[in-house]
Structure formats: C-alpha cells, structure tokens
**Q** 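I have a structure I would like to understand better, so I am pasting it below and will then ask my questions one at a time.
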Amino acid sequence: MRDIDDLLPEVLIHAPNCADPVAVRYLREAARQMCEKVDIWRERNSIIISNDEESGLVAVPDAEIVRIETASLDGVPLTPQSPEWLDENYPGWDDEVATGATSRFVTQIKPGVLQVVPFNVGTLKVRLILKPSRDALTFPDFLVEKYGTELGKGAAARVLMLPTDDTGSNPQMGTLLQSEFSAFLDTLPMKVAKGQQGARVRTRGSYF
C-alpha cells in the first residue's frame with residue numbers, strides 16, 4: 001500500500017493552490033469512482049468464522065467491499081447473496097445458530113463483516129472486489145503507479161470546480177479535466193478486460 005500523499009503532485013500540477021487535505025479528499029473520491037466503474041481491485045482473504053459476533057470481520061486496510069466474487073467454507077463453495085435476497089428466499093437466516101446443515105451462501109451483514117448461511121464455524125476463504133474507504137490514508141500500489149495521472153486529473157477537476165477562490169477556482173479547466181477523466185473511465189473496462197489473459201468482457205450486479 002502507498003500513502004495517498006504520494007499522489008498530491010498529480011493534483012497540484014493542475015490546482016497549485018489546493019490545500020493537501022482537500023486534494024486527498026478528492027483523490028479518494030476519484031479512486032472510489034474508478035473502482036466502482038470496473039472490478040480492478042481484488043484481494044484474497046482467509047477469515048476464521050467462530051461463534052464470536054465479530055469473527056467474520058474482513059481485515060483489508062483502508063478498503064470497503066464492493067462485492068464478494070468467490071467464497072468457500074472449509075473448501076465447500078458458497079454463493080454470494082445480498083441480505084435482501086436471503087430475506088426473501090431464506091426467511092430467518094440471520095437468526096440461525098449452527099445446526100450442522102451445510103453452508104450454501106455468504107453475505108455481508110454490515111460493512112466489512114461477512115456471514116455464512118446456514119451458519120457454521122470454519123475457515124472462510126474469499127476473493128473480494130474492493131474500493132478505497134471514505135477515510136482511507138493509503139491506496140494499493142497499482143492505483144498509484146498505474147493510474148496516478150488519471151486520478152490526479154479526476155481530483156483536480158473537482159477542486160477547480162469548487163465555488164471558492166481558496167483553491168484557485170477555475171471551472172473551465174475543471175470541466176476540461178473532468179471530461180478527460182470521464183473519457184478515461186469510459187474506456188477503462190475494455191482496457192482491463194484486454195489485460196486479463198483469456199478473460200471475457202462481462203458485467204455483474206453489485207450486491208453490496
């Protein structure tokens with residue numbers, strides 16, 4: 001992981017009067033928008049599920065879960081589902097205790113906490129699609145190294161369109177940078193898909 005501050009020059013080159021905290025805020029927003037646009041940040045995680053209420057906590061620093069991509073409990077595959085789907089198709093799922101029935105689903109019951117359904121203890125292995133959290137202080141290395149210039153433009157665009165002179169407001173330049181950032185986001189899914197060996201272009205709903 002890299003400090004978000006490493007990307008400040010990419011913002012300040014366009015908005016030199018911008019205060020660092022403001023630049024960091026809009027760098028987060030640009031990175032979150034990018035990670036919501038395309039499944040670009042993946043992490044594998046192994047979580048011990050026990051009877052402890054917080055046992056399903058996912059420990060990925062400075063990140064929020066966009067979607068559970070794959071999951072298994074002690075080697076048995078699970079299907080990711082939303083709490084709303086489970087409410088409709090599996091009433092009472094959130095009140096269950098361990099019964100010995102084979103777990104079939106995994107869901108996110110609150111930010112950063114996963115639960116298997118029916119509930120059982122064991123080792124939950126997941127592959128997650130992530131985005132930076134709203135208070136992130138770091139980004140994964142690849143966001144900084146590969147997309148730093150574009151994130152800087154996206155952040156600077158927001159800064160320059162702020163209705164204040166404190167940051168050197170320049171709506172015309174802000175609009176131009178926003179157009180460039182939007183064009184980058186529009187082409188990003190295809191670029192990412194082409195960069196994945198043998199991967200097909202596909203879209204999936206986000207449950208969380």
**Q** Decide yes or no for S46 and T123: does some side-chain heavy atom of the first lie under 4.5 Å from some side-chain heavy atom of the second?
**A**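 Heavy-atom side-chain distance check passes, below 4.5 Å.
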**Q** How long is the straight-line distance from CZ of R44 back to CD of E69, given to the nearest 0.5 Å?
**A**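 So the gap between those two atoms works out to 8.5 Å.
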**Q** With no hydrogens and no angle check, is any side-chain donor or acceptor of T107 less than 3.5 Å from a backbone partner on Q81?
**A**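 Yes; at least one donor-acceptor contact below 3.5 Å.
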**Q** With a 4.5 Å heavy-atom cut-off, do V144 and L151 have their side chains touching?
**A** no
**Q** How long is the straight-line distance from NZ of K125 back to CD1 of I47, given to the nearest 0.5 Å?
**A** 11.5 Å
**Q** Among all residues two or more places apart in sequence or in another chain, which pass the side-chain hydrogen bond (donor to acceptor under 3.5 Å, both in side chains) test with E29?
**A**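 Here no residue qualifies.
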**Q** Going by heavy atoms in the side chains, are Q108 and V113 under 4.5 Å from each other?
**A** no
**Q** Following the transitive rule for hydrophobic clusters with a side-chain heavy-atom cut-off under 4.5 Å over Ile, Leu, Val, Met, Phe, Trp and Tyr, establish whether V76 and L124 coincide in one cluster.
**A**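 The answer is no; the residues belong to distinct hydrophobic clusters.
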**Q** Give the minimum heavy-atom separation between G112 and I65, together with the two atoms involved.
**A** CA-CD1, 4.2 Å
**Q** Could you walk me through whether S133 and D62 satisfy the side-chain hydrogen bond (donor to acceptor under 3.5 Å, both in side chains) test, starting with their C-alpha distance in whole Å, then the side-chain angles of each, then the deciding distance to 0.1 Å, before giving a yes or no?
**A** CA-CA 5 Å; S133 63; D62 288 345; 4.6 Å; no
**Q** Any chance CD1 of I48 has more than 12 other-residue heavy atoms, nucleotides or ligands included, within less than 6.0 Å?
**A** yes
**Q** So, taking the atom named CD in E145 and the one named CG in D6, what distance separates them when rounded to the nearest 0.5 Å?
**A** 9.5 Å
**Q** I need the minimum non-hydrogen distance between W41 and K131, along with the two atoms involved.
**A** CZ3-C, 3.5 Å
**Q** Under the criterion salt bridge (charged side-chain N to carboxylate O under 4.0 Å, His left out), I'd like the reasoning laid out for K37 against D186: C-alpha separation, chi angles, the key distance, then a yes or no.
**A** CA-CA 9 Å; K37 178 76 173 182; D186 286 343; 3.8 Å; yes
**Q** Nearest heavy-atom pair of L78 and S103: which atoms, and what distance?
**A** CD2-O, 3.3 Å
**Q** Consider only side-chain heavy atoms of I, L, V, M, F, W and Y, link residues closer than 4.5 Å, and tell whether V60 and L137 are in one cluster.
**A** no
**Q** So do T70 and V126 actually touch side chain to side chain, heavy atoms under 4.5 Å?
**A** no
**Q** Donor-acceptor pair, N120 side chain versus A101 backbone, under 3.5 Å?
**A** yes
**Q** Find out whether Q178 and M161 are in side-chain contact, i.e. whether some heavy atom of one side chain is under 4.5 Å from a heavy atom of the other.
**A** yes
**Q** Might you point out which heavy atoms bring G154 and F181 nearest each other, and give the distance in Å?
**A** CA-CG, 3.6 Å
**Q** In terms of relative ring orientation, are Y147 and F184 parallel, tilted or perpendicular, with 30° and 60° separating the classes?
**A**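 Tilted: the ring planes of Y147 and F184 meet at 30° to 60°.
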**Q** Using a 4.5 Å cut-off on heavy atoms from C-beta on, say whether the side chain of Q115 contacts that of F105.
**A** no
**Q** Any chance CZ of R2 has more than 12 other-residue heavy atoms, nucleotides or ligands included, within less than 6.0 Å?
**A** yes
**Q** Is there a side-chain contact between P163 and S169, using heavy atoms and a 4.5 Å cut-off?
**A** no
**Q** Restricting to non-hydrogen atoms, name the atom on G174 and the atom on L160 that form the minimum distance, rounded to 0.1 Å.
**A**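 It is CA-CB, 3.8 Å.
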**Q** Is any side-chain heavy atom of F119 closer than 4.5 Å to a side-chain heavy atom of V121?
**A**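 In contact.
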**Q** Find out if a path of hydrophobic residues (ILVMFWY) with successive side-chain heavy-atom gaps under 4.5 Å connects I109 to L57.
**A** yes
**Q** I would like to know whether L177 and H14 meet side-chain contact (heavy atoms from CB on, under 4.5 Å); could you show each step before the answer?
**A** CA-CA 9 Å; L177 291 174; H14 303 291; 3.8 Å; yes
**Q** Could you tell me the separation between the CG atom of D87 and the CG atom of D94, rounded to the nearest 0.5 Å?
**A** 6.5 Å
**Q** Decide side-chain contact (heavy atoms from CB on, under 4.5 Å) for L162 and V22; before the verdict, give the C-alpha distance in whole Å, the side-chain angles of both, and the deciding distance to 0.1 Å.
**A** CA-CA 11 Å; L162 291 173; V22 176; 4.2 Å; yes
**Q** Atom CD in E88, atom CH2 in W93: separation rounded to 0.5 Å?
**A** 13.5 Å
**Q** Would a distance-only check, ignoring hydrogens and angles, find a side-chain to backbone donor-acceptor pair under 3.5 Å from N89 to W85?
**A**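 Looks like yes, one N/O pair under 3.5 Å.
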**Q** So if I apply the side-chain contact (heavy atoms from CB on, under 4.5 Å) rule between I129 and each of I40, V66, I68, which one comes out positive?
**A** V66
**Q** Looking only at heavy atoms, what is the nearest atom pair of L128 and V58, with distance?
**A**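 Here L128 and V58 meet closest at CD1-CG1, 3.5 Å.
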**Q** Which distance, rounded to the nearest 0.5 Å, do you find between the CD1 of I49 and the CG of D74?
**A**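 Reported to 0.5 Å precision, the distance equals 10.0 Å.
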**Q** What verdict does the side-chain contact (heavy atoms from CB on, under 4.5 Å) test give for E43 and R127, after you've listed the backbone C-alpha separation in whole Å, the side-chain angles of each residue and the deciding distance to 0.1 Å?
**A** CA-CA 6 Å; E43 295 283 352; R127 186 169 70 227; over 6 Å; no
**Q** Might you work through the side-chain contact (heavy atoms from CB on, under 4.5 Å) test for L12 and D20, ending with a clear yes or no?
**A** CA-CA 9 Å; L12 298 180; D20 289 357; 4.2 Å; yes
**Q** Given E64, which of K110, R28, R32 fulfils the salt bridge (charged side-chain N to carboxylate O under 4.0 Å, His left out) condition?
**A** R32
**Q** For D3, check side-chain hydrogen bond (donor to acceptor under 3.5 Å, both in side chains) against everything at least two apart and list the hits.
**A** none
**Q** Going by side-chain contact (heavy atoms from CB on, under 4.5 Å), name the residues that satisfy it together with E10, two or more places apart in sequence or in a different chain.
**A** L7, T149
